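Keep in mind that this is a model prediction, so the values were computed, not measured.
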Amino acid sequence: MLHIEVLEFLITSKMKQIELAENIYYVGVNDRHTERFENHIALPDGVSYNSYLIMDEHITLIDPVGANFMEEYLQNIKSVIGDRKVDYLVINHDEPDHSGALSAILREYPDITVVGNGKTFAPLEAFYGPIKKKHTVADGETLGLGAHRLQFFTVPMVHWPESMVSYEQSTGILFSNDAFGGFGTLNGTIFDDQANLVFYEDEMRRYYANIVGKVATQVLRAVEKLNGISIKTIAPSHGLVWRSNPAWVLDRYTKWSSYQSEKGLVIAYGSMYGNTGRMAEIIARGAADAGVKEIKIYDVSKTEVSFILSDIWKYKGVCLGACSHYGNMYPDMTLLTHEIAHFQPKNKCFALFGGMSWSGGGLRTLTQIAEENAWTLVGESVEVKGAPIREEDIDRLYNLGKTLAEAM
């Protein structure tokens with residue numbers, strides 16, 4: 001009996017509630033089990049699914065969580081509202097990592113009204129079937145909850161067509177959907193002033209580069225659109241809640257979306273027997289001797305692509321190298337070049353190199369990709385037959401590193 005009483009205390013105790021402001025609560029969950037976000041982006045430190053609850057005359061949930069966390073999620077909700085019903089569920093974004101718990105919420109609270117914009121409900125019902133009670137809001141429209149009032153702003157293609165954000169007018173809290181989010185679980189630190197921002201900045205940039213970067217222009221438009229409101233707290237669907245310094249994250253999103261880069265070099269290579277990797281080391285020495293202090297070298301067969309793309313977004317210089325493989329390039333380089341071409345980080349200085357034995361193909365394929373995507377190449381691309389042991393090859397590789405440094 002004691003164990004049951006302790007469990008009930010943990011579920012209902014005020015000590016467990018996390019307040020963003022009076023009567024506005026964090027009710028999200030941490031996912032430490034999923035290995036890959038969207039089944040392709042590595043999650044070594046997990047991810048949070050953030051959801052928020054407003055206690056008022058009309059109790060309102062803002063974005064549910066993933067489908068696998070329903071029991072914990074309901075406990076979080078009931079620890080705030082007890083046996084009261086939820087009146088509204090705001091869906092800022094239809095993607096299943098946000099909306100996955102919708103069916104369970106509809107079963108738990110059958111009279112709930114789902115709130116979305118004109119583009120929300122067709123894809124949402126395609127995922128989960130008919131929704132009985134719907135309330136459609138227009139861009140800029142408000143919804144009164146009692147003492148609180150939500151205002152909705154559509155931000156199309158940040159990063160789906162139906163994406164919107166919700167702004168609580170009395171507290172200045174922006175429930176920002178995927179914008180301003182990041183990877184990494186919230187390890188007891190829900191708010192920015194509690195956290196090590198070095199870790200979260202890296203995971204925010206990796207999230208941005210691999211999720212939002214493709215629509216950078218739309219992100220800038222969304223930031224400009226929100227300039228007219230007083231934002232005191234930013235509450236995204238993943239990652240930290242920014243209550244002490246929202247300008248910190250706004251500034252970084254503006255920087256990344258306008259393709260501002262730091263002086264630094266990313267060298268990513270694919271090598272079967274290590275010779276192309278040795279070439280990367282020589283290029284790095286040339287760049288370092290020319291004054292570049294931030295140099296990242298990645299073996300594409302060892303490092304998951306999302307980490308490499310994140311640093312490509314951060315730094316000015318990008319040097320790609322691949323050995324030949326049956327007349328083409330090293331296979332693991334294919335995904336990286338695809339992602340660079342797809343997300344299109346701009347204002348970069350690119351350089352290319354490759355290794356070969358009895359036939360070429362690595363550098364040739366990289367060159368074709370560079371031409372197709374109009375990458376700005378600096379220096380003369382270098383291809384080495386066999387190992388980089390000849391003085392002429394070593395000089396060409398070293399000078400390529402120096403040329404890249406000068407171009408940056």
Side-chain angles (χ1 to χ4, degrees), residues 42 202 206 209 261-326 328-340 345 348-367 369-370 375-408:
D202 284 343
R206 188 165 71 95
S261 300
E262 299 177 21
K263 185 178 180 181
L265 174 60
V266 177
I267 304 174
Y269 70 89
S271 185
M272 292 174 66
Y273 297 107
N275 291 312
T276 310
R278 291 166 65 186
M279 295 170 66
E281 301 286 352
I282 298 167
I283 293 169
R285 281 304 312 154
D289 285 348
V292 180
K293 291 182 169 58
E294 292 289 339
I295 301 173
K296 305 288 187 180
I297 302 178
Y298 291 110
D299 179 343
V300 296
S301 69
K302 299 292 185 182
T303 303
E304 197 267 330
V305 163
S306 70
F307 293 95
I308 306 174
L309 189 62
S310 177
D311 273 342
I312 287 174
W313 213 276
K314 180 178 182 179
Y315 294 116
K316 181 75 172 179
V318 182
C319 191
L320 304 178
C323 66
S324 59
H325 185 267
Y326 287 104
N328 208 303
M329 72 176 177
Y330 184 74
D332 287 3
M333 181 60 70
T334 303
L335 179 56
L336 176 60
T337 55
H338 171 271
E339 292 295 273
I340 297 171
K348 304 298 178 184
C349 297
F350 282 91
L352 307 176
F353 65 101
M356 61 173 290
S357 50
W358 51 269
S359 73
L363 180 59
R364 181 174 63 248
T365 304
L366 282 173
T367 302
I369 294 169
W375 294 346
T376 301
L377 295 180
V378 300
E380 183 180 349
S381 300
V382 178
E383 186 168 50
V384 173
K385 187 171 185 177
I389 56 176
R390 290 169 290 279
E391 185 174 348
E392 176 187 353
D393 291 333
I394 293 171
D395 286 344
R396 288 194 297 150
L397 291 163
Y398 182 85
N399 288 330
L400 182 58
K402 290 186 66 176
T403 302
L404 259 172
E406 293 163 0
M408 290 188 284

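Scanning all heavy atoms of the two residues, the minimum distance from Val382 to Val384 falls at CG1-CG2, 4.0 Å. Nearest heavy-atom pair across Ala322 and Leu366 is N-CD1, 3.8 Å. The minimum heavy-atom distance between Val378 and Ala407, with the atom names listed, is CG1-CB, 3.8 Å. Across Cys349 and Leu404, no two heavy atoms sit closer than the pair O-CD2, 3.6 Å. Of all heavy-atom pairs between Val266 and Ile308, the closest is CG1-CG2, 4.2 Å. Heavy-atom minimum distance, Ala268 versus Val300: CB-CG1, 4.2 Å.
A distance of 10.5 Å separates SG in Cys323 from CZ in Phe353, rounded to the nearest 0.5 Å. Atom CZ of residue Arg390 and atom CG of residue Asp395 lie 12.5 Å apart, to the nearest 0.5 angstrom. Note that CG of Leu352 and OG of Ser381 are 4.5 Å apart. Values are rounded to the nearest 0.5 Å. Between the CD1 atom in Ile295 and the CG atom in Asp311 there is a gap of 12.5 Å [rounded to 0.5 Å]. To the nearest 0.5 angstrom, Tyr298 atom OH is 6.5 Å from Thr303 atom OG1. Note that the CG atom of Asn399 and the CD1 atom of Ile394 stand 11.5 Å from one another [nearest 0.5 Å].
Annotation: side chain to side chain donor-acceptor pair (under 3.5 Å) contacts involving residues 316-326, sequence neighbours excluded, are absent. Note on residues 375-387: no pairs pass salt bridge (charged side-chain N to carboxylate O under 4.0 Å, His left out), not counting sequence neighbours.
A search for side-chain contact (heavy atoms from CB on, under 4.5 Å) contacts involving Glu262 returns Lys255, Lys314, Tyr315, not counting sequence neighbours. By the side chain to side chain donor-acceptor pair (under 3.5 Å) test, Glu304 pairs with Ser306, sequence neighbours left out. Scanning for side chain to side chain donor-acceptor pair (under 3.5 Å) contacts around Arg364 gives an empty result, with sequence neighbours left out. Partners of Ser301 under the side chain to side chain donor-acceptor pair (under 3.5 Å) rule, at least two apart in sequence or in another chain, are Asp299. Taking the salt bridge (charged side-chain N to carboxylate O under 4.0 Å, His left out) definition, one finds that Arg278 meets it with nothing, sequence neighbours left out. Residues satisfying the side-chain contact (heavy atoms from CB on, under 4.5 Å) test with Lys348, not counting sequence neighbours, are Ser261, Val318, Pro345, Phe350. Not a single side chain to side chain donor-acceptor pair (under 3.5 Å) links Ser271 to another residue, sequence neighbours left out.
Inter-residue side-chain proximity for Cys319 and Leu265 is flagged as met; some heavy-atom pair is nearer than 4.5 Å. Between Ser310 and Asp202 there is no side-chain heavy-atom pair separated by less than 4.5 Å.
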Sequence neighbours left out, cut at 3.5 Å: what donor-acceptor pairs do the side chains of residues 328-337 make with other protein atoms?
{"unit_1": "Asn328", "atom_1": "OD1", "unit_2": "Thr365", "atom_2": "OG1", "d": "3.2"}
{"unit_1": "Thr334", "atom_1": "OG1", "unit_2": "Pro331", "atom_2": "O", "d": "3.0"}
{"unit_1": "Thr337", "atom_1": "OG1", "unit_2": "Met333", "atom_2": "O", "d": "3.2"}
{"unit_1": "Thr337", "atom_1": "OG1", "unit_2": "Thr334", "atom_2": "O", "d": "2.9"}

List, one per line, each side-chain donor-acceptor pair under 3.5 Å for residues 283-292, sequence neighbours excluded.
{"unit_1": "Arg285", "atom_1": "NH2", "unit_2": "Asp289", "atom_2": "OD1", "d": "2.6"}
{"unit_1": "Asp289", "atom_1": "OD2", "unit_2": "Tyr398", "atom_2": "OH", "d": "2.6"}

Start with the C-alpha distance between Glu281 and Ile297, add both sets of side-chain angles, then the distance that settles side chain to side chain contact (heavy atoms under 4.5 Å, CB included), and finish with yes or no.
-> CA-CA 8 Å; Glu281 301 286 352; Ile297 302 178; 3.9 Å; yes
